There are 2 protein chains.
Amino acid sequence: MKVSIEQADYHAALATSVVIFGFDGESLNVLTATKENPPFEGASILPSAIVSPHRDVHETATSLLKKVTGVDHWYLEQLNAFAKLYRNPDGRVVNIAFYGTVKLDDKLLTQLKRKGYSWVPSNEVPPLAYDHDEILEFAKERLKRRVKRRPIGFSLLPKEFTLKDLQTLYECALGKSFDKRNFRRKIIGTEILIELDKKTKPTSDHKKPAQLYKFDEDKYQKMTLKGYPFVF
Amino acid sequence: MKVSIEQADYHAALATSVVIFGFDGESLNVLTATKENPPFEGASILPSAIVSPHRDVHETATSLLKKVTGVDHWYLEQLNAFAKLYRNPDGRVVNIAFYGTVKLDDKLLTQLKRKGYSWVPSNEVPPLAYDHDEILEFAKERLKRRVKRRPIGFSLLPKEFTLKDLQTLYECALGKSFDKRNFRRKIIGTEILIELDKKTKPTSDHKKPAQLYKFDEDKYQKMTLKGYPFVF
DNA sequence: TCAAAAGTGTTAATCCTACACCCATGC
DNA sequence: GCATGGGTGTAGGATTAACACTTTTGA
């Protein structure tokens, strides 16, 4: 059993990939990229970067996202390390992958188009190069698990939203649908929402105005830390 | 943004550490090691190994455990990668950590003593070198979460055990105590146990014989895959 | 006969699920 | 006035939590 580290042991490259889930009010999307050089030129992949010597992995992922989206403050959680020996044809590359969430607004959508990245509905992502399919699956499972135990939404919904929006989000993330009344009762029961003095403006397609809510930040934080049994 | 990998990017060493939980019928223990060379000579650490070029990380962890314990078939689950830039004074070493569980029998206890490794009650582990305290905390949280959603015990208890044993295990893992009747009803309700035609032999310290059970392997597997809401 | 741990049921409160109709608005 | 989605309550069943006494054995 090896006890000390030799020069020859510094042999691995580090990469990081990010699975970013973005909600647009209708569906959950995932940020994908296109590989622009060999190997796998032209293939879809997850946004990824090589971690340079003396750079932090997490910081590398954040700054990749800054460059791609223009957005700066990302909450990223480590998913796992993907370290199978021959996962990368270039050599031994260990991928430390993260996942995160974002509210999809027009700014985000536009900037991405300019740079060749794109948002794809999370259940229509094409096959990805390397082992990125596996990373994506891992992230989807993680998101599901998270949704069941901790509040989600702060990072996926706009500041003000309707209960319908929130329900749609949960339905997308968990892949099933809920009874409207039960859902509302349960969410209201958590006291995580604050009812605003506003309603949505009725739009052209015949709608009754809907009550707007925002999150109660304090309670949201507490629930994020402690978890709560929001199992559907 | 870097797009292809250069030689200089193969700069990191890979290490792996394992957090092994072992149950001895009374308490949950963790396998610890002693660092026998600088840096941190003499310090307690988690069992760890350097991953050589062309060796798989998981396989490295398994064979480390084989060497330490003599036991071969380990279920190890990846915890996370620990990759902070300066976590190791030797250089850039990324640690891909695993956790696993084992039934502590006499064989295991004896063999370890011979090799300087030892089992320490999980809430009495001394401060560890590197960032191994952090890894250990991470593992304890993971174990808790797992216990709440999936059956545990196959890998921590002997083939035949009493409901008391199982309850003690859950109490150790979750750090709280349960009502005996409610616990039994819930466990029996899962139908994961098979009642044997045996009872424990009363021992010297005045005990009534207790019913022995074993796991129903099929149901156990199904529950391991699907999860179940065993939230206490 | 006593000490020590095994084993056993009930009740009240809570939570979950299923279910159907009226309302406010723009067109 | 009609089409669209917003909004509301209840009842039955299931699950949980709290609670104390009797039994079997070795010493």
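All figures in this text were calculated on a predicted structure; none of them were measured in a lab. Quick note on labels: first sequence line is chain A, next is B, and so on, each numbered from 1.
- At least one side-chain heavy atom of A:L193 sits under 4.5 Å from a side-chain heavy atom of A:L166.
- Less than 6.0 angstrom separates the ring centroid of B:Y170 from the ring centroid of B:F183.
- B:S17 places no side-chain N or O within donor-acceptor distance of the main-chain N or O of B:A97, the cut-off being under 3.5 Å.
- In this structure, A:L166 atom CG and D:dG6 atom P are separated by 13 Å, rounded to whole Å.
- The interatomic distance linking A:K199 (NZ) with C:dC23 (C1') rounds to 10 Å, in whole Å.
- Between B:K164 and A:R185, it is B:K164 whose nearest contact on DNA chain C lies nearer the 5' terminus.
- The phosphate of C:dC16 has OP1 or OP2 within less than 4.0 Å of a side-chain N or O from A:K186.
- Taking atom NZ on A:K201 and atom C1' on D:dG5, their separation rounds to 18 Å, with Å as the unit.
- When rounded to the nearest whole Å, the span between CG of A:L163 and P of D:dG6 equals 10 Å.
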Are any protein N/O atoms closer than 3.5 Å to N/O atoms in nucleotides 25-27 of chain C? If there are, list each pair with its distance.
none

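- For the side chain to side chain contact (heavy atoms under 4.5 Å, CB included) with B:I20, the qualifying choice from B:L76, B:L104, B:V68, B:N29 is B:L76, the only one to do so.
- As rounded to whole Å, 16 Å separates atom P of C:dC15 from atom CD1 of A:I188.
- Salt-bridge annotation for A:R142 and A:E77: present, with a side-chain N of the basic residue lying under 4.0 Å from a carboxylate O of the acidic one.
- If you find the closest nucleotide of DNA chain C to B:D179 and to B:T162, the one lying nearer the 5' end belongs to B:T162.
- Between the side chain of B:T16 and the backbone N or O of B:A49 there is no donor-acceptor pair closer than 3.5 Å.
- The six-membered or imidazole ring of B:F82 lies near that of B:F138, with a centre-to-centre distance under 6.0 Å.
- Under 3.5 Å, the side chain of B:R181 and the base of D:dA20 form at least one donor-acceptor pair of N or O atoms.
- Regarding A:F183, its CZ atom lies at a distance of 18 Å from the P atom of D:dG9, rounded to whole Å.
- Between C:dA6, D:dG7, D:dA17, one nucleotide has an atom nearer to the side chain of B:A210 than all others, and that is C:dA6.
- The nearest whole Å value for the distance from the CG atom in B:D165 to the C1' atom in C:dA5 is 12 Å.
- A straight line from NZ of B:K180 to C1' of C:dG9 spans 14 Å, rounded to a whole angstrom.
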